[in-house]
Amino acid sequence: MSKPTPNHFLRSIAKNDLANGKHEYVYTRFPPEPNGYLHLGHAKSICLNFGLAEDLGGKCNLRFDDTNPEKENLEFVESIRDSVEWLGFEWEKLCYASDYYDHLYGFALELIDKGLAYVDDLNAEQMREYRGTLTEPGTNSPSRERPVAENRDLFERMRAGEFAEGAYTLRAKIDMSSPNIVMRDPILYRIRYAHHYRAGDKWCIYPMYDFTHCISDALEGITHSLCTLEFQDNRELYDWVLANITIEENLVGEKGKVMPRQIEFGRSNLEYTVASKRKLIQLVNEGHVDGWDDPRLTTLVGLRRRGYTPQSIRDFCAEIGVTKKDSTIEMTVLENAIRHDLEASAKRVFGVLMPLKLVITNYPEGESETFTVKNHPKDESMGTREIPFGREVYIDHDDFMLDPPSKFFRLGPDREVRLRYGYAVTCNEVVQDSDGNVTELRCTYDPLTAKGKTPDGRKIKGIIHWVSATEAVDAEVRVYDRLYTEANPGAADDFVSLINPESLKVFPNAKIEPSVLEASTDDRFQFERVGYFCFDSVDHKESKVVMNRTVSLRDTWAKVGGK
RNA sequence: UGGGGUGUGGCCAAGUGGUUAAGGCACCGGAUUUUGAUUCCGGCAUUCGAAGGUUCGAAUCCUUCCACCCCAGCCA
């Protein structure tokens, strides 16, 4: 099932760098900011960075890009670590940009001393005005020609906490008329009196991303710094910083100096989902979903709770590829990945979501039997299990119609259907309540049809699943559907109004075959003819079975118009 | 209108001047099937954003044009 390694452009670059001796090894890093939970987009980056290193015999660090204390915390760090591990990747080193604050400060001093950075007293609004526009060059700040000694003094005092937030910034002295706005004297440091979840209160100045990221890469000996397309303009600054500081050695990386190269790749979006952190926070805070791990979300914790396997997500990432253009992936690609994995690995069981009692009137009262059935139709190594059968069983409401069309291969008045692994039964009587709802079916069975046999050779097209009425386990089953009614909810003004009201259907009275109770809590099942299910990691207890539908089976009947 | 990018079937995506333009997903047929599942076979771009040009030969090279995305946070 594991696919051949896809040869995308980044892999070609890395292999080429190895082949021509530019690098002796490939060293990548996955650098999330710990300001939220990881989602599928991050999985793409994780699979890319860790996968490339794995593939080419290199290394990959997990690095927290934690330079904005106001948004970051330990809970996110732990969740991110957990998700990366869950996906099955091992980092060479666990790093934090905040561990480089001392080094970073030193490099800032170096730039000041070289006359390549200056302390500016423009406020945010003034700075915007001086920056110019997309089509007009900026103008130099009055502080731009501040003498080196004064810059150094001011910067040291910024660090010492002598100034208010926003009073000063440290800026790189590059070119206010650069066509690339990133290069118009970018801010390197800002004053923030904020507690850092890791560095505590040691600092009141914090380095900006553009200054931090390239240096972090260099310190760790990263060879290929992969990031998304929107950082393409930042690459010029990335290179500028590294070209203008002195890195004697890679302080925490491999020996020898390497100049990391930033290369960008396109993001992938999934239809019917949103990935923006802001929107996810809104969904959680306004209670539209159950939390960051709501099974309808494509956060990694959500997908995990939904029943997605790490393998399926890795396969998905391999399937969508890596290119230099942003893409929008159809939901079926993700679904195919998990179906493919679970088809091979999930144990088959019977589960009935909407139970309809079926009484076999000619089956001896008080008697019962058990059938020994395969846990997987093709994989003998998965063994067998016993399922109890008796006079009363539950079948799914969907498998009965009062007035079925001819194409409906299931049960209806006077129709015959096979109870899978058991006998053929014919429906003789339909019991309805005063509202006309079907409440019970009374059938007769043909004792000669045990175990799939039909001695007289008659064809029984319909086969349905069932569960013993006396032995079945009660369960709550949650069936999920896409969270939005439109393919690109993120583009709408009010994405909340696009939430699919049927994204969660709860079946509180489901009946499941008893063998499920013997399984471990992270086992996954195929309810035959229905879909793939797992136990809900939050609400499932021994005393109350709660299961989630990961994904349905392909259903050509539903497509024809059955449901 | 400045700069940086991208355009191959419904969605992804190989392809880097030379057989009939890989593959996956989706879709449509058909076979097998005690899951309308799986599996299996078959179909699905005379055409690569457009128009010119170079060449014996182009999705691949050149020119022009068009479309879309990103950049004016003391976020990352």
Side-chain angles (χ1 to χ4, degrees), chain A residues 3-4 6-8 12 31-33 35 65-68 70-71 120 122-124 127-129 131-138 165-171 178-184 187-192 206 208-210 212-213 227-236 264 266-268 271 277 318-337 339-340 343-344 348 350 373 376-378 407-410 418-422 424 449 451-454 460-465 526-531 552-560 562:
Chain A
K3 302 176 162 55
N7 194 30
H8 48 76
S12 300
E33 180 187 12
N35 68 346
D65 214 343
D66 53 356
T67 54
N68 187 1
E70 283 152 335
K71 291 186 175 176
D120 200 351
L122 252 30
N123 64 34
M127 192 128 4
R128 198 180 318 123
E129 284 161 9
R131 188 151 35 225
T133 69
L134 294 177
T135 52
E136 296 159 331
E165 276 189 17
Y168 291 100
T169 56
L170 181 72
R171 292 232 259 168
S178 170
N180 181 358
I181 292 174
V182 171
M183 299 300 278
R184 317 241 264 231
I187 294 175
L188 267 19
Y189 270 89
R190 75 284 211 186
I191 300 172
R192 271 300 107 86
Y206 289 92
M208 299 290 287
Y209 163 86
D210 284 305
T212 308
H213 204 92
C227 63
T228 43
L229 253 27
E230 68 270 27
F231 290 103
Q232 286 175 124
D233 290 345
N234 300 249
R235 188 176 60 236
E236 193 179 352
E264 311 84 12
R267 286 177 185 270
S268 289
E271 285 190 344
K277 216 153 278 180
E319 202 55 64
I320 63 177
V322 181
T323 65
K324 289 200 67 148
K325 71 175 181 195
D326 293 325
S327 59
T328 303
I329 314 292
E330 289 179 345
M331 190 63 102
T332 53
V333 180
L334 216 213
E335 292 177 344
N336 177 261
R339 282 198 187 107
H340 186 71
E343 154 61 26
R348 312 289 128 124
F350 283 164
V373 305
H376 188 103
K378 289 177 181 164
K407 287 285 192 189
F408 186 76
F409 309 141
R410 308 179 191 180
R418 173 173 294 285
L419 297 177
R420 176 154 226 240
Y421 297 126
T449 58
K451 296 186 174 157
K453 296 191 185 84
T454 41
I460 302 172
K461 177 75 176 164
I463 298 158
I464 63 174
H465 57 97
Q526 183 195 95
F527 288 6
E528 293 205 39
R529 304 207 311 127
V530 181
S552 69
L553 250 34
R554 270 207 190 81
D555 188 351
T556 49
W557 167 245
K559 217 179 294 174
V560 173

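Sequence lines set the chain letters: A, B, ... in the order given, protein chains first and strands last, and positions in each chain run from 1. Heavy atoms only: backbone and side chains are in, while hydrogens, waters and symmetry mates are out. The structure displayed is predicted, hence computed values, not measured ones.
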Nearest whole Å is fine: how far is [N] [atom2] from [X] [atom1]?
| X | N | atom1 | atom2 | result |
| --- | --- | --- | --- | --- |
| A/R192 | B/rG73 | CZ | P | 14 Å |
| A/E236 | B/rG4 | CD | P | 9 Å |
| A/Q232 | B/rA76 | CD | P | 20 Å |
| A/N123 | B/rG73 | CG | P | 13 Å |
| A/E165 | B/rC75 | CD | C1' | 14 Å |
| A/K378 | B/rA37 | NZ | P | 12 Å |
| A/L134 | B/rU1 | CG | C1' | 10 Å |

Kindly say whether [Y] contributes a backbone atom to a donor-acceptor pair with the side chain of [X] at under 3.5 angstrom?
| X | Y | answer |
| --- | --- | --- |
| A/D326 | A/G266 | no |
| A/T228 | A/E230 | no |
| A/E236 | A/D233 | no |
| A/R339 | A/G531 | no |
| A/R192 | A/E165 | no |

Base, sugar-phosphate or nothing for [X]? Non-hydrogen atoms, less than 4.0 Å.
| X | answer |
| --- | --- |
| A/P377 | base |
| A/L122 | base |
| A/F408 | base |
| A/D210 | nothing |
| A/F231 | base |
| A/Q526 | base |
| A/R128 | sugar-phosphate |
| A/T212 | nothing |
| A/T332 | sugar-phosphate |
| A/M208 | sugar-phosphate |

For [N] versus [M], give the span between their [atom1] atoms, rounded off to a whole number of Å.
| N | M | atom1 | answer |
| --- | --- | --- | --- |
| B/rG52 | B/rG15 | C1' | 24 Å |
| B/rU20 | B/rC66 | P | 35 Å |
| B/rG29 | B/rG17 | P | 41 Å |
| B/rG24 | B/rC48 | P | 23 Å |
| B/rC69 | B/rG23 | C1' | 27 Å |
| B/rG10 | B/rU47 | P | 13 Å |
| B/rA58 | B/rA51 | P | 15 Å |
| B/rU46 | B/rA50 | P | 12 Å |

Nearest listed nucleotide, side chain of [X], among [options]:
| X | options | value |
| --- | --- | --- |
| A/E230 | B/rC70, B/rA37, B/rG3 | B/rC70 |
| A/I187 | B/rC74, B/rG36, B/rA76 | B/rC74 |
| A/R554 | B/rA26, B/rC74, B/rU33 | B/rA26 |
| A/F409 | B/rG36, B/rG73, B/rA72 | B/rG36 |
| A/N336 | B/rA26, B/rG36, B/rG3 | B/rA26 |
| A/E33 | B/rC75, B/rC74, B/rA37 | B/rC75 |

Inset, instruction - May I ask you to verify if any side-chain N or O of A/T556 is less than 4.0 angstrom from the OP1 or OP2 atom of B/rA37? - result: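 A/T556 to B/rA37 OP1/OP2: side-chain N or O found under 4.0 Å.
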Legend entry - Nearest-nucleotide comparison on RNA chain B, the residue closer to the 5′ end among A/E136 and A/N234: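 Going by which nucleotide is closer to the 5' end, it is A/E136.
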Inset, instruction - Verify whether one side chain among A/T454 and A/T449 offers a donor that lies under 3.5 Å from an acceptor in the other. - result: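 Checked: A/T454/A/T449 side chains show no N/O donor-acceptor pair below 3.5 Å.
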Legend entry - For RNA chain B, the dot-bracket pattern of Watson-Crick and G-U pairs whose distances stay under 3.5 Å, | for other-strand partners: .(((((((.[[[..)..(....]]].(((((.......))))).....[[[[[..)....]]]]])))))).....
Inset, instruction - Could you give me the CA-CA distance, side-chain angles and deciding distance for A/R348 and A/E343, then say whether salt bridge (charged side-chain N to carboxylate O under 4.0 Å, His left out) is met? - result: CA-CA 9 Å; A/R348 312 289 128 124; A/E343 154 61 26; 3.5 Å; yes
Inset, instruction - Evaluate whether the aromatic ring of A/W557 and the six-membered ring of the B/rG36 base sit under 5.5 Å apart, centre to centre, with an inclination under 30°. - result: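 Stacking between A/W557 and B/rG36: present.
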Inset, instruction - Would you kindly check whether a donor in the side chain of A/R348 faces an acceptor in the base of B/rU35, or vice versa, at under 3.5 angstrom? - result: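 Yes.
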Inset, instruction - Report yes if a donor N or O on one partner sits less than 3.5 Å from an acceptor N or O on the other, where the partners are the side chain of A/D233 and the base of B/rG3; otherwise report no. - result: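 Pair found.
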Legend entry - Under 4.0 Å protein heavy-atom contact, by nucleotide of nucleotides 11-17 of chain B - B base, S sugar-phosphate only: SSSS---
Inset, instruction - For A/E33, enumerate each residue passing the side chain to side chain donor-acceptor pair (under 3.5 Å) test, keeping only those at least two apart in sequence or located in another chain. - result: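 Partners of A/E33 by the side chain to side chain donor-acceptor pair (under 3.5 Å) criterion, ordered by chain and then number, come out as A/N35.
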